[in-house]
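Please read all numbers here as calculations on a predicted model, not as lab measurements. Residue numbers begin at 1 in each chain, while the letters A, B, ... track the order of the sequences. Reckoned from all heavy atoms, side chains included, excluding hydrogens, waters and symmetry mates.
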Amino acid sequence: MLHIYNSLTRKKELFTPIEPGKVKMYVCGMTVYDLCHLGHARVLVVFDTVTRYMRHSGYDVTYIRNITDIDDKIIARANENAEEFGVLTHRFIQAMHEDAAELGVLPPDEEPKATSSMDDIISMIEMLIKNGHAYAADNGDVYYDVSSFETYGQLSGKHLEDLRAGERVAVDPHKDDPLDFVLWKAAKPDEPAWDSPWGKGRPGWHIECSAMSTCCLGNHFDIHGGGQDLQFPHHENEIAQSEGATGEKFVNLWMHNGFVRINDEKMSKSLDNFFTVREILKLYQGEEIRYFVLASHYRSPLNYSDQLLDTARSSLTRLYNALRGLDVPSVSLIEDEAEAKFNKAMDDDFNTSEAIAVLFDLAGQVNRLREENPDMALQKAGVLKKLANVLGLLEADPETYLQGGAGEGDDVEQIESLIQQRLDARANKDWAEADRIRDELHAMNIELEDKDGRTIWRRG
RNA sequence: GGCGGGAUGGCAGAAUGGCUAUGCAGCGGAUUGCAAAUCCGUGGAUCUCGGUUCGACUCCGGGUCCCGCCUCCA
């Protein structure tokens with residue numbers, strides 16, 4: 001029985017899909033004007049894990065994650081680079097896909113782009129005007145009339161009066177109310193523009209998501225996710241737009257993941273305290289980043305530090321060591337209580353840290369059983385791998401992970417040659433030489449393990 | 001100012017009204033030529049002050065501190 005925390009009601013709720021057995025989920029993806037940072041990585045990993053677990057639970061999941069490929073920042077960056085905005089976005093979409101793959105994130109079922117959704121966006125704006133929720137200003141912009149939507153503020157717990165009291169929105173003479181937000185922006189000279197009933201222009205950011213989610217999933221769907229910072233105003237506006245246009249309930253359950261922090265401050269572009277996924281991949285494997293993300297609950301803040309990535313590496317090494325050298329069956333033949341514990345943890349609002357604890361318990365069992373009951377050890381290893389895979393972990397071959405430190409690989413011949421030399425020295429009981437070689441390898445960040453007359457190695 | 005989240009052992013991080021995860025690091029032992037890996041054992045925690053209770057880290061109230069949203073943001 002899956003329970004999920006719903007930001008809309010601020011409670012954990014029993015998850016009940018609109019259509020039994022099916023889940024329709026939309027997550028706000030990237031605005032592709034730059035490389036993904038760790039904050040983006042968290043969204044990718046969290047909702048990938050949600051999707052994987054729901055599928056593991058037997059749901060037929062349709063997972064949509066959009067791409068915002070037209071907005072102010074994209075235009076600004078393209079101008080800086082003196083390139084076509086489409087060239088820019090294409091490059092960063094590619095980069096995002098590469099990063100996602102490194103993190104073990106599966107592609108969503110569909111990945112709609114704003115620029116491919118203009119018809120849907122325009123017709124939604126037309127509906128909003130027709131329904132009295134939007135107005136075209138004399139400058140060619142179209143705005144949403146916030147006061148026309150009675151429950152505005154329901155998701156973020158805000159009231160229009162409070163928002164006005166803390167006025168931080170620049171007054172715009174074209175708006176009826178400073179809190180009104182733009183649905184369609186009239187094009188300035190030399191800006192990318194699309195034809196519309198209000199002249200050439202481009203969509204506002206909020207309407208893009210309303211249009212892309214609705215066109216892929218229908219007017220009413222199960223789950224909408226994204227980073228906590230999107231709750232207001234982005235998701236609040238989406239509700240106002242979609243419900244204002246369709247007259248139907250938009251989303252049953254809203255999920256928001258917590259921020260990644262650096263030194264207890266939100267990681268963000270504006271604070272310029274971010275690490276890109278690529279930078280970290282120079283030092284750590286993608287799976288280590290994924291483990292780091294999943295080690296804490298998705299709604300908690302996640303502080304970044306090298307030390308925590310090191311811990312993630314040590315932890316994964318322990319898990320892979322348990323599988324190492326075993327011919328793990330692809331299908332586990334046993335019913336194991338571990339699976340029930342794992343499911344119970346994940347059913348409780350995706351408690352991944354408790355689910356990971358189950359993995360370590362299994363790893364311990366595998367290690368203990370290796371000698372006394374190899375068959376059972378294999379079966380337990382099969383369960384370990386299966387459950388870890390639900391989290392997108394332990395998908396690699398153990399040797400590949402353990403010997404595959406980030407950016408390494410062309411020194412394998414040298415390593416194996418040194419190991420052979422050491423084996424020869426050991427055969428002659430020349431311990432000094434054997435230890436010297438081991439120290440030399442250690443200096444290369446290679447750790448050795450002598451086992452049954454053989455020597456295996458891994459990167460430290 | 002308005003609204004919201006949080007404070008758990010050296011670090012990270014779960015959980016439950018009573019049985020105190022898990023990982024990393026530490027310590028002792030087994031194993032090893034010595035290590036490593038592994039196994040066995042082990043120390044150490046619930047911000048503060050009140051209250052409810054037979055019993056609270058867990059529920060309630062006050063305080064302190066931290067963080068986020070209210071503007072683009074995953």
Practice problem: Check every strand shown and say whether Arg422(A) touches a base, only sugar-phosphate, or nothing at a heavy-atom separation below 4.0 Å. | Solution: base
Self-check item: Same-atom distance (C1') from rA25(B) to rG43(B), integer angstrom
Solution: 13 Å
Can you tabulate the close N/O pairs, meaning under 3.5 Å, that link protein atoms to atoms of nucleotides 22-26 of chain B?
{"unit_1": "rG23(B)", "atom_1": "O2'", "unit_2": "Ser315(A)", "atom_2": "OG", "d": "2.2"}

Practice problem: Check every strand shown and say whether Val260(A) touches a base, only sugar-phosphate, or nothing at a heavy-atom separation below 4.0 Å. | Solution: base
Quiz item: With a 3.5 Å cut-off and just heavy-atom distances, do the side chain of Arg438(A) and the base of rC34(B) make a donor-acceptor pair?
Solution: yes
Quiz item: Quick one: the side chain of Arg42(A) and the base of rA74(B), do they pair up donor-acceptor inside 3.5 Å?
Solution: no
Quiz prompt | Interatomic distance where NZ belongs to Lys341(A) and P belongs to rA14(B) [whole Å] | solution = 17 Å
Quiz item: Could you give the CG-to-C1' distance, from Asn303(A) to rC66(B), as a whole number of Å?
Solution: 11 Å
Quiz item: Of all the nucleotides listed (rC70(B), rC34(B), rC67(B)), which has the minimum atom distance to the side chain of Asp264(A)?
Solution: rC67(B)
Quiz item: Side chains of Asp109(A) and Thr62(A): is there a donor and an acceptor less than 3.5 Å apart?
Solution: no
Quiz prompt | Reported CZ-to-CD distance for the pair Arg324(A) and Gln403(A), which is rounded to 0.5 angstrom | solution = 5.5 Å
Self-check item: Inter-nucleotide C1' distance (rU8(B), rA12(B)), Å rounded
Solution: 11 Å
Quiz prompt | Nearest-angstrom distance, C1' atom, rA45(B) to rG50(B) | solution = 22 Å
Quiz item: Using the P atom in both, what is the distance from rG18(B) to rC34(B), to the nearest Å?
Solution: 47 Å
Exercise. Looking at every strand, decide which applies to Arg458(A) at a 4.0 Å heavy-atom threshold: base, sugar-phosphate, or nothing.
Key: sugar-phosphate
Self-check item: Matching residue for Tyr401(A) among Gln285(A), Glu288(A), Glu287(A) - test: side-chain hydrogen bond (donor to acceptor under 3.5 Å, both in side chains)
Solution: Glu288(A)
Exercise. Quick one: look up who rG26(B) pairs with, Watson-Crick or G-U, both distances under 3.5 Å, and put none if it's unpaired.
Key: rU42(B)
Practice problem: Classify the nucleic acid contact of Asn351(A) as base, sugar-phosphate or nothing, counting any heavy atom under 4.0 Å across all strands shown. | Solution: sugar-phosphate
Quiz item: Could Glu236(A) and Lys158(A) be called an ion pair, given the rule that one side-chain N must be under 4.0 Å from one carboxylate O?
Solution: no
Self-check item: Nucleotide nearest Ser296(A) (side chain, heavy atoms from C-beta), chosen from rA35(B), rG13(B), rA37(B)
Solution: rG13(B)
Exercise. Evaluate whether atom NE2 of His3(A) has more than 12 neighbouring non-hydrogen atoms of other residues, nucleotides or ligands under 6.0 angstrom away.
Key: yes
Exercise. Look at all strands and tell whether Thr317(A) reaches a base, only sugar-phosphate, or nothing, counting heavy atoms closer than 4.0 Å.
Key: nothing
Exercise. Begin from the C-alpha positions of Phe250(A) and Phe221(A) and carry the test ring-ring contact (aromatic ring centres under 6.0 Å, His included) through to its verdict.
Key: CA-CA 7 Å; Phe250(A) 180 40; Phe221(A) 57 93; 5.3 Å; yes
Quiz item: Just how far, in rounded Å, is P of rA74(B) from CG of Asp34(A)?
Solution: 11 Å
Quiz item: In whole angstroms, how far is the P atom of rG6(B) from the OH atom of Tyr5(A)?
Solution: 8 Å
Quiz item: What closest approach, in Å, do Ala137(A) and His174(A) show between heavy atoms, and which atom pair accounts for it?
Solution: CB-O, 3.7 Å
Quiz item: Closer to the 5' end of RNA chain B via nearest nucleotide, is it Leu230(A) or Arg426(A)?
Solution: Arg426(A)
Exercise. Answer with base, sugar-phosphate or nothing: what part of the nucleic acid does Lys269(A) contact at a heavy-atom distance below 4.0 Å?
Key: nothing
Quiz item: What integer number of Å spans the P atoms of rC69(B) and rA74(B)?
Solution: 12 Å
Quiz item: Rounded to whole angstrom units, what separation is found between the CD atom of Gln154(A) and the C1' atom of rC3(B)?
Solution: 16 Å
Quiz prompt | Base-pairing mate for rA7(B) - Watson-Crick or G-U, with both contacts under 3.5 Å | solution = rU64(B)
Exercise. In whole angstrom, give me the gap between the C1' atoms of rG68(B) and rC72(B).
Key: 16 Å
Self-check item: Pairwise C1' distance, rG2(B) and rA56(B) [rounded to whole Å]
Solution: 33 Å
Quiz prompt | Euclidean distance for P, rU16(B) against rG6(B) (whole angstrom) | solution = 14 Å
Quiz prompt | Pair of N/O donor and acceptor under 3.5 Å linking rG68(B) base with Asp229(A) side chain | solution = no
Quiz prompt | Sidechain-backbone polar pair: Ser7(A) side chain, Trp254(A) backbone, donor-acceptor under 3.5 Å | solution = yes
Self-check item: Protein-nucleotide distance (Glu449(A), atom CD; rA37(B), atom P), rounded to Å
Solution: 7 Å
Quiz item: If we call it a pair only when both distances are under 3.5 Å in a Watson-Crick or G-U wobble match, what pairs with rC69(B)?
Solution: rG2(B)
Exercise. Name the nucleic acid region contacted by Gly227(A), choosing base, sugar-phosphate or nothing; use a 4.0 angstrom heavy-atom cut-off, strictly under.
Key: sugar-phosphate
Quiz item: Looking across every strand, which nucleic acid part, if any, lies under 4.0 Å from Gly258(A) by heavy atom: base, sugar-phosphate, or nothing?
Solution: base
Quiz item: Looking at Lys175(A) and Asp141(A), does any basic side-chain N land under 4.0 Å from a carboxylate oxygen?
Solution: no
Quiz item: Between atom CG in Leu179(A) and atom C1' in rG2(B), what is the gap in whole Å?
Solution: 13 Å
Exercise. State whether the side chain of Asn389(A) and the backbone N or O of Leu393(A) hold a donor-acceptor pair below 3.5 Å, judged by distance alone.
Key: yes
Quiz item: Could Arg313(A) and Asp310(A) be called an ion pair, given the rule that one side-chain N must be under 4.0 Å from one carboxylate O?
Solution: no
Quiz item: Looking at residues 392-400 of chain A, who's got a heavy atom less than 4.0 Å off RNA chain B?
Solution: none
Quiz item: What nucleic acid atoms does His37(A) come within less than 4.0 Å of, heavy atoms only: base, sugar-phosphate, or nothing?
Solution: base
Exercise. Indicate, with a heavy-atom threshold strictly under 4.0 Å, whether Ser300(A) touches base, sugar-phosphate, or nothing.
Key: sugar-phosphate
Quiz item: Can you tell me the Watson-Crick or wobble partner of rC59(B), both distances under 3.5 angstrom?
Solution: rG51(B)
Exercise. Please tell me which of Ala432(A) and Arg10(A) maps to the more 5' nucleotide of RNA chain B, matching each residue to the nucleotide holding its nearest heavy atom.
Key: Arg10(A)
Quiz prompt | Ring-face cation of Arg299(A) near Tyr5(A) (centre distance under 6.0 Å, axis angle within 45°) | solution = yes
Quiz item: Any N or O donor-acceptor pair linking the side chain of Lys266(A) to the base of rC67(B) at under 3.5 Å?
Solution: no
Exercise. Round to the nearest Å and state the distance from Asn263(A) atom CG to rC66(B) atom P.
Key: 15 Å
Quiz item: Would you say Lys344(A) has more than 12 foreign heavy atoms packed within less than 6.0 Å of its NZ?
Solution: no
Quiz item: If you look at every strand shown and take non-hydrogen atoms under 4.0 Å, does Lys73(A) touch a base, only sugar-phosphate, or nothing?
Solution: base
